[in-house]
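One structure is given here, and the rest of the page talks about it.
By convention in this document, chain letters (A, B, ...) are assigned in the order of the sequence lines, proteins followed by strands, and residues within each chain are numbered from 1.
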Amino acid sequence: MLKIYNTLSRDKQQFVPIDPQAVRMYVCGMTVYDYCHLGHARVMVVFDMVYRWLKKSGYNVTYVRNITDIDDKIIRRAAQNNESIHVLTQRFIDAMHEDADALGVQRPDHEPRATQYVPEMLQMIAQLEARGLAYLATDGDVNYAVRKFDGYGKLSGKSLEDLRAGERVEVTDNKNDPLDFVLWKHSKEEEAEEVKWESKWGSGRPGWHIECSAMASKLLGEHFDIHGGGADLQFPHHENEIAQSEGAHQCQFVNYWMHNGFVRVDNEKMSKSLGNFFTIREVLKQYDPEVVRFFILRAHYRSPLNYSDAHLDDAKKALDRLYTALKSEEGRGEGRALVDWNEAYAARFKSAMDDDFNTVEALAVLFDLANEVNRSQSAELAAQLKSLGAVLGLLERDPTEFLQGGSVAQGVDEALIAAQIVARNEAKLAKNYAEADRIRKVLLAEGIVLEDSAAGTNWRRL
RNA sequence: GGUGCGUUAGCAAAUCGGUUAUGCCCCGGAUUGCAAAUCCGGUUAGCCCAGUUCGACUCUGGGACGCACCUCCA
């Protein structure tokens with residue numbers, strides 16, 4: 001039985017879906033005005049893993065990950081670039097898909113864009129207004145009246161008093177309460193036509209939080225199973241989503257809230273504002289995407305994850321070990337696509353995954369299994385290793401291709417390597433070991449490791 | 001200031017009230033022309049102080065340190 005750590009209750013709970021056969025899951029995606037960084041990579045990979053495991057567990061999963069394609073930062077960036085927001089956002093949506101694809105992230109079932117759901121948002125705001133939870137402020141914005149919603153703060157564990165005591169709460173006169181947030185922003189003269197929508201409150205555009213409430217209920221219903229996102233979205237974003245959805249629909253919004261930990265650099269959160277971020281495409285110039293995916297899955301999704309070259313190098317070596325085990329059984333017996341869940345390693349793997357998606361433990365099982373494969377030379381177990389890896393979106397490539405791909409794309413030409421191997425084998429046959437060792441050393445200096453075996457000489461990149 | 005989370009061996013990172021986590025690194029052995037890979041074995045843990053317990057890294061209390069949220073952020 002699957003257990004999930006629920007932010008709402010702050011403990012692990014038995015997962016019971018609303019519909020026994022199906023799971024409905026929503027994850028907050030990206031605001032598309034720039035390239036995705038490693039923090040975004042973590043959300044995508046983590047919830048991709050969750051998505052895969054739920055499907056593997058037999059559920060019919062509907063996974064929605066939204067795209068925020070209208071907001072202040074987008075408008076500002078488009079103005080800077082002197083381009084339309086549509087052109088800007090489309091470019092970064094395409095880039096996001098490239099990055100996600102590289103990391104082996106499966107496409108969600110729906111990727112709704114905020115700009116395509118404005119009518120639904122307006123309808124929801126009207127509902128909130130009708131219930132007395134929203135009001136038109138003097139400046140023309142429509143705000144949410146936080147103190148009218150019972151239980152505001154239940155997700156983040158904060159009371160309104162605690163929040164007000166915070167030093168950083170901004171004071172604005174057009175809000176009834178400093179914690180009220182914007183549902184609908186009135187248009188400004190200078191804004192482009194493409195960021196203006198008509199409404200009963202006048203021309204404007206949606207606030208950030210309302211899009212998720214509107215799109216989630218449209219695509220998943222008013223009450224669904226799992227809602228995820230980065231830990232920083234807990235407050236205020238997810239708190240506000242609850243206020244909007246439960247305020248408008250008068251029913252429980254989400255049963256299980258999941259939040260992933262941050263990627264850190266030098267022990268500090270990687271973020272746009274700190275400027276200490278690495279984009280996915282930057283990192284992929286240096287490391288194989290599967291290494292990056294493995295690196296992310298190597299830490300528990302709720303724990304902080306420190307980024308550094310040393311850690312990526314370490315991850316690369318660890319993944320090499322798994323692929324090396326697969327390579328030893330390559331070609332022997334066809335790898336079956338299905339996992340034999342009765343087998344001992346698979347059973348351990350499953351119980352690890354069922355324990356709040358403990359990929360760290362699941363990977364430890366894979367290493368134990370790899371050791372067993374090396375020892376037993378069992379093609380059966382190798383197939384099991386491969387298929388368990390595939391559950392996590394790992395180990396799906398040809399082992400030789402992976403091992404020879406190495407960490408850096410460019411390097412010594414393969415034909416040259418082959419020629420050097422031939423030359424070295426000739427030297428070996430002539431018992432000219434000094435020459436043979438010299439060739440091996442030259443290649444090693446280029447990051448190429450030669451491995452002699454009964455079947456011949458293999459090579460791989462460090 | 002308020003709230004929450006964390007502190008595990010050289011590095012990374014899990015589980016667990018008593019039994020080898022795991023990966024990388026390091027040491028010894030097997031194997032190899034020598035290596036590499038692999039196998040066998042080994043060294044290095046649980047921030048500090050109390051308490052509960054037959055027994056605590058694991059539970060409770062206190063302290064120190066770190067991180068995060070309270071403002072846009074995955």
For [X], which contact category applies under a 4.0 Å heavy-atom criterion: base, sugar-phosphate, or nothing?
X	result
A:A318	sugar-phosphate
A:G29	sugar-phosphate
A:V46	nothing
A:L450	base
A:K272	nothing
A:T324	sugar-phosphate

Round to the nearest Å and state the distance from [X] atom [atom1] to [N] atom [atom2].
X	N	atom1	atom2	value
A:D368	B:A21	CG	C1'	8 Å
A:L444	B:A37	CG	C1'	14 Å
A:R264	B:C69	CZ	P	11 Å
A:M353	B:U22	CE	P	20 Å
A:L233	B:C70	CG	P	10 Å
A:L322	B:U38	CG	P	11 Å
A:L179	B:C69	CG	C1'	14 Å
A:D232	B:C72	CG	C1'	10 Å

Listed pairs, N/O of protein and of nucleotides 27-33 of chain B, under 3.5 Å:
{"unit_1": "B:G33", "atom_1": "O6", "unit_2": "A:R424", "atom_2": "NH2", "d": "3.3"}
{"unit_1": "B:G33", "atom_1": "N1", "unit_2": "A:D437", "atom_2": "OD1", "d": "3.0"}
{"unit_1": "B:G33", "atom_1": "N2", "unit_2": "A:D437", "atom_2": "OD1", "d": "3.3"}
{"unit_1": "B:G33", "atom_1": "N2", "unit_2": "A:D437", "atom_2": "OD2", "d": "2.6"}

- Side-chain donor or acceptor of A:K386 paired with backbone N/O of A:L395 under 3.5 Å: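 Indeed, once roles are kept as given, a pair shorter than 3.5 Å links the two residues.
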Expected output is a numbered-order residue list: members of [range] with a heavy atom under 4.0 Å from any atom of RNA chain B. What is it?
range	value
residues 34-44 of chain A	A:H37, A:G39, A:H40, A:V43
residues 63-75 of chain A	A:K73
residues 289-296 of chain A	none

- Starting at the 5' end of RNA chain B, which residue's closest nucleotide do you reach first, A:Y5 or A:M30? A:Y5
- Chi angles and distances behind the salt bridge (charged side-chain N to carboxylate O under 4.0 Å, His left out) call for A:K158, A:E239: CA-CA 10 Å; A:K158 298 171 194 298; A:E239 198 71 71; over 6 Å; no
- How many angstroms lie between CZ in A:F181 and NE2 in A:H237, if you round to the nearest 0.5 Å?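 So the CZ of A:F181 and the NE2 of A:H237 are separated by 10.0 Å.
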- Message: Would you compute the distance between atom CZ of A:R77 and atom CD1 of A:I75 and round it to the nearest 0.5 angstrom?
- Response: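 Going from the CZ atom of A:R77 to the CD1 atom of A:I75 covers 13.5 Å.
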- Just the dot-bracket of RNA chain B, please: which string comes out with Watson-Crick or G-U pairs under 3.5 Å, [ ] for crossing, | for another strand? (((((((..(((.....[...))).(((((.......)))))....(((((..]....))))))))))))....
Using 4.0 Å as the upper bound for N to carboxylate O, is an ion pair formed by [Y] and [X]?
X	Y	answer
A:K3	A:D355	no
A:R281	A:E98	yes
A:K317	A:D313	no

Same-atom distance ([atom1]) from [N] to [M], integer angstrom:
N	M	atom1	answer
B:G41	B:C24	P	16 Å
B:U20	B:A9	C1'	14 Å
B:U60	B:U52	C1'	7 Å
B:U44	B:U3	P	42 Å
B:A45	B:U53	P	29 Å
B:G62	B:C26	C1'	39 Å
B:C5	B:C59	P	13 Å
B:C73	B:C16	P	35 Å

- Can A:K327 be said to sit on top of A:F402's aromatic six-ring, NZ or CZ under 6.0 Å from centre and within 45° of the ring axis?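 No, a cation-pi geometry is absent between A:K327 and A:F402.
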- Query: So, is the end of the A:R302 side chain (NZ or CZ) under 6.0 Å from the ring centre of A:Y5 and within 45° of the ring's axis?
  - Reply: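 Judged by the rule (NZ or CZ under 6.0 Å from the ring centre, within 45° of its axis), A:R302 counts as positioned above A:Y5.
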OP1 or OP2 of [N] less than 4.0 angstrom from a side-chain nitrogen or oxygen of [X], does that happen here?
X	N	answer
A:N260	B:A74	no
A:N371	B:G23	no
A:R348	B:A21	no

Mind checking whether [X] and [Y] have ring centres under 6.0 Å apart?
X	Y	value
A:F253	A:F224	yes
A:F15	A:Y256	yes
A:H37	A:F278	no
A:H238	A:H259	yes

- Item | A:D150 atom CG: more than 12 heavy-atom contacts under 6.0 Å | no
- Other residues, nucleotides, ligands: >12 heavy atoms within 6.0 Å of A:K272 NZ: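 Atom NZ in A:K272 is crowded, with more than 12 foreign heavy atoms closer than 6.0 Å.
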- Message: Can you tell me whether the side chain of A:K269 and the base of B:C67 have a donor-acceptor pair closer than 3.5 Å?
- Response: no
- Message: Let's see if you can work this out: which of B:G66, B:C70, B:G23 has an atom nearest to the side-chain heavy atoms of A:N267?
- Response: B:G66
Contacts under 3.5 Å, N or O only, protein and nucleotides 13-16 of chain B:
{"unit_1": "B:A14", "atom_1": "OP1", "unit_2": "A:H300", "atom_2": "N", "d": "2.9"}
{"unit_1": "B:A14", "atom_1": "OP1", "unit_2": "A:S303", "atom_2": "OG", "d": "2.9"}
{"unit_1": "B:A14", "atom_1": "O2'", "unit_2": "A:N358", "atom_2": "ND2", "d": "3.4"}
{"unit_1": "B:A14", "atom_1": "O2'", "unit_2": "A:E361", "atom_2": "OE1", "d": "3.4"}

- Task: Anything under 30° is parallel, anything over 60° is perpendicular, the rest tilted; go ahead and classify A:F349 against A:W53.
- Result: perpendicular
